[in-house]
Amino acid sequence: MTNPTCNEKAIQLFMELSPYFQGLGDPIRQQIVALLLDKESMNVTQIAEHIPMSRPTVSHHLKILKQAGLVNVQKKGTEMFYRLEITEAIRLFKQLVTFVEEECN
């Protein structure tokens, strides 16, 4: 089997990153991620206090972030708390940047 070309390897990495890019593709979701960067975890009400959207709309965006693998949810009592889960996304993004810098010039 031959090694993938630079283009093929880059496309492979972009495909792996695609769910994360889709999750971050909305300014509201970017605001939520930025908010969670400073907090260990927050519930929907706490997040909605900082985002100019209704609580159901914030919940919708949190659902998309969860589906993208960017946040995880932990139930505490009757409330759901959201925390960032970006380790894998950062690892893949660093891999893409390093690959392009070192191999695609």
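Remember, predicted model here, so these are calculated numbers, not experimental data. Just so it is clear, the values below take in all heavy atoms, side chains as well, and ignore hydrogens, waters and symmetry mates.
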S.K.: Is Met15 reachable from Leu96 through a run of I, L, V, M, F, W or Y residues, each pair having side-chain heavy atoms under 4.5 Å apart?
M.R.: no
S.K.: Count the heavy atoms belonging to other residues, nucleotides or ligands that lie under 6.0 Å from CZ of Phe14, then report whether that count exceeds 12.
M.R.: no
S.K.: What salt bridge (Lys or Arg N to Asp or Glu O under 4.0 Å) pairs are there with at least one residue in residues 10-39, not counting sequence neighbours?
M.R.: none
S.K.: Before you tell me yes or no, could you show the steps for Gln74 and Met80 under side chain to side chain contact (heavy atoms under 4.5 Å, CB included), namely the whole-Å CA-CA distance, both residues' side-chain angles and the distance that decides it to 0.1 Å?
M.R.: CA-CA 6 Å; Gln74 181 178 15; Met80 306 297 273; over 6 Å; no
S.K.: Distance check, rounded to the nearest 0.5 Å: Asn43 atom CG versus Leu62 atom CG?
M.R.: 10.0 Å
S.K.: Find the distance between CD (Gln67) and CG (Leu70) and round it off to the nearest 0.5 Å.
M.R.: 11.0 Å
S.K.: Considering only heavy atoms from C-beta outward, does the side chain of Leu37 approach that of Ile86 to under 4.5 Å?
M.R.: yes
S.K.: For the residue pair Ala68 and Pro19, what are the closest heavy atoms and their distance?
M.R.: CB-O, 3.3 Å
S.K.: Rounded to the nearest 0.5 Å, what's the gap from CG on Leu35 to CD on Gln30? Could you check?
M.R.: 13.5 Å
S.K.: Please answer: with hydrophobic residues joined when any side-chain heavy atoms are less than 4.5 Å apart, are Leu17 and Leu84 in the same cluster?
M.R.: yes
S.K.: Would you mind reporting whether Gln31 and His50 have side-chain heavy atoms less than 4.5 Å apart?
M.R.: no
S.K.: Could you give me the CA-CA distance, side-chain angles and deciding distance for Tyr20 and Leu92, then say whether side chain to side chain contact (heavy atoms under 4.5 Å, CB included) is met?
M.R.: CA-CA 10 Å; Tyr20 303 119; Leu92 285 170; 3.8 Å; yes
S.K.: Assigning hydrophobic clusters by single linkage (Ile, Leu, Val, Met, Phe, Trp, Tyr; side-chain heavy-atom cutoff under 4.5 Å), is Ile64 placed with Met42?
M.R.: no
S.K.: With a 4.5 Å heavy-atom cut-off, do Lys75 and Phe81 have their side chains touching?
M.R.: no
S.K.: In Å, rounded to the nearest 0.5 Å, how long is the span from CD1 of Ile47 to OG of Ser59?
M.R.: 8.5 Å
S.K.: To the nearest 0.5 Å, what is the distance between CG on Leu24 and CG on Leu65?
M.R.: 7.0 Å
S.K.: Counting N and O atoms only, with roles assigned by atom type, does the side chain of Glu85 sit under 3.5 Å from a partner on the main chain of Asn72, one being a donor and the other an acceptor?
M.R.: no
S.K.: Working note: His60 + Arg55, criterion side chain to side chain contact (heavy atoms under 4.5 Å, CB included); need CA distance, chi angles, decisive distance, verdict.
M.R.: CA-CA 9 Å; His60 170 73; Arg55 191 182 142 130; over 6 Å; no
S.K.: When you measure from the side chain of Thr98 to the backbone N and O of Lys94, does any donor-acceptor pair fall under 3.5 Å?
M.R.: yes
S.K.: Step through the shown structure and confirm whether more than 12 heavy atoms of other residues, nucleotides or ligands are within 6.0 Å of CZ on Phe93.
M.R.: no
S.K.: Quick one: does Arg83's side chain get under 4.5 Å of Val71's, heavy atoms only?
M.R.: no
S.K.: Any donor-acceptor pair under 3.5 Å linking the side chain of Glu103 with the backbone of Val100?
M.R.: no
S.K.: Rounded to the nearest 0.5 Å, how far does CD of Gln46 lie from CG of Leu36?
M.R.: 10.0 Å
S.K.: Any non-hydrogen side-chain atom of Tyr82 less than 4.5 Å from a side-chain atom of Ile32?
M.R.: no
S.K.: Under a 4.0 Å threshold between the charged nitrogen and the carboxylate oxygen, would Glu79 count as salt-bridged to Lys76?
M.R.: no
